[in-house]
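Here the structure comes first, spelled out in structure tokens, and everything after it is commentary.
Remember, it's 1-based here, ligands and their atoms both numbered in the order they're listed.
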Amino acid sequence: MFDSVGDVARKQQTLFMWILWAAVLVFIVVEGVLIYVVMKFRRRPQDRIPRQVHGNRNLEIAWTIAPIIVLAVVAVPTISTLIDLAAPAPEDALHIRVIGHQWWWEFVYPDQDLIIANEVHIPVGRPISMTLESADVIHSFWIPKIVGKVDMIPNRINKLPTFIVPEEAPGIYFGQCAELCGTAHALMKFRVTAQSDGDFQNWIENQKTPSEVPITDPERIGHDLFNGQGLCLTCHTVRGTTAQGKIGPDLTHFGSRSTLGAALLPNTSEHLTQWLEDPEDLKPGNIMARDAAIYIDPNLRLDSEEIESLVSYLKSLK
Ligand code: CUA
């Protein structure tokens, strides 16, 4: 967060540094005077009780005015930054709804009619306007380099300051939930891919197309398992198939993601196998393990052949 990218993060960092140095100054003055007084006026063996005084108008005026000045130094830039960052989004902004779940992220592109999970893509050089919601408990949305945290509160829509990733700073940015929201709070991460407008439009087109029909045998078996066993399709959607569950992340183009388990691990066949063997082990408390456990405690009880087919199928969903 000290390596800020873009206007919003820079303004937030400037404000943070301003308040930090004001606090450091107060700390040094207060502690300095305290240490000086303790040393200079400490009691020595021959000392008697000193003269007792009560009330000092000048001192009281001084220690009323000094904090007013300090608070003004902090309040003026704080309020002006708050007003600045609350400005409404411009007309050409890209709107994204973010919904926090225990413990993953749902991203909805209303104008593009697209829902994805955990890996959000945005174009550089264009204002991004995000609204924040929660499906369960309080979460907090945070992209440390790009924009400071804002709470996601159930039954309420919060707004993130409208930000732009500069054209010269495309790349992958890390995001993290910043509000203790349960067992796997620390593992509630996401990724932001900031890319050129052309790449972004291509990505949108690819994500909007329904999933491809499985080609190889293992893929076909995995597809049938996914859609037939009354397990995966209960919670997950893969557009273009019968799987239309809305409880867990949309997996239509799961194979095109670089991570799994909400940016927990690289999306490799090995990690996906581990995940299907025992999701509880990789991400304690996660709803996939928990809800499946209602029926088949404690993991999904898939045999290694079934897992292998599911992995081939899921990896084929580019
Ligand atoms: Cu969601 Cu912490």
Side-chain angles (χ1 to χ4, degrees), residues 1-5 8-9 12-13 16 85 95-110 114-122 128-163 165 172-194 234-237 245-251 254 257-267 271-272 274-275 278-294:
M1 69 191 214
F2 293 109
D3 183 18
S4 55
V5 171
V8 169
Q12 290 173 333
Q13 190 183 348
F16 174 83
L85 295 184
H95 182 56
I96 301 174
R97 271 176 69 204
V98 190
I99 301 142
H101 296 258
Q102 283 174 313
W103 292 275
W104 60 281
W105 308 84
E106 183 178 2
F107 296 96
V108 182
Y109 295 73
L114 176 67
I115 299 174
I116 53 151
N118 300 328
E119 292 191 12
V120 62
H121 286 232
I122 54 173
I128 309 295
S129 162
M130 287 185 172
T131 50
L132 310 177
E133 301 160 52
S134 170
D136 36 49
V137 301
I138 301 177
H139 302 276
S140 180
F141 185 85
W142 188 28
I143 315 170
K145 278 192 171 195
I146 298 174
V147 61
K149 47 189 91 153
V150 174
D151 275 4
M152 316 175 90
I153 297 167
N155 300 316
R156 191 190 152 101
I157 298 174
N158 276 350
K159 210 184 150 305
L160 202 64
T162 305
F163 64 89
V165 176
I172 293 170
Y173 295 91
F174 291 90
Q176 167 73 48
C177 178
E179 179 72 53
L180 182 61
C181 57
T183 316
H185 153 70
L187 307 179
M188 184 172 168
K189 309 170 196 225
F190 60 100
R191 284 190 171 191
V192 182
T193 301
T234 317
C235 299
H236 295 286
T237 291
K246 302 293 177 211
I247 295 166
D250 182 301
L251 299 176
F254 174 77
R257 291 184 202 149
S258 59
T259 60
L260 62 81
L264 178 62
L265 289 164
N267 187 5
H271 288 139
L272 187 53
Q274 276 180 292
W275 177 266
D278 193 354
E280 173 72 15
D281 182 47
L282 286 186
K283 196 167 185 176
N286 86 77
I287 195 170
M288 179 153 145
R290 201 169 67 206
D291 278 17
I294 295 170

Discussion item. For the metal site, I want the angle between atom SG of C177 and atom ND1 of H185 with atom 2 (Cu) of ligand 1 at the apex, to 10°.
Written reply: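 That angle is 120°.
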Practice prompt. Angle at atom 2 (Cu) of ligand 1: provide the value between O of E179 and SG of C181, rounding to 10 degrees.
Written response: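 That angle works out to 100° after rounding to 10°.
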Discussion item. Could you check whether any side-chain heavy atom of R257 comes within less than 4.5 Å of a side-chain heavy atom of L251, counting everything from C-beta outward?
Written reply: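 Result yes, sub-4.5 Å side-chain heavy-atom pair found.
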Discussion item. When you measure from the side chain of Q13 to the backbone of F2, do you find a donor-acceptor pair of N or O atoms at a distance under 3.5 Å?
Written reply: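 Yes.
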Worksheet item: Is a side-chain donor or acceptor of E106 paired with a backbone partner of H101 at a separation under 3.5 angstrom?
Response: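 Side chain of E106 to backbone of H101, a donor-acceptor pair under 3.5 Å: no, none is there.
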Worksheet item: Taking the six-membered ring for Trp, are F190 and F141 parallel (under 30°), tilted (30 to 60°) or perpendicular (over 60°)?
Response: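 Correct class here is parallel.
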Worksheet item: Hey, is there an N, O or S on S140 sitting under 2.8 Å from atom 1 (Cu) of ligand 1?
Response: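 Here the distance criterion (N, O or S atom, under 2.8 Å) is not met by S140, so no.
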Worksheet item: What N/O/S atom of H139 is the closest to atom 1 (Cu) of ligand 1?
Response: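 Looking only at N, O and S atoms of H139, the one nearest atom 1 (Cu) of ligand 1 is named ND1.
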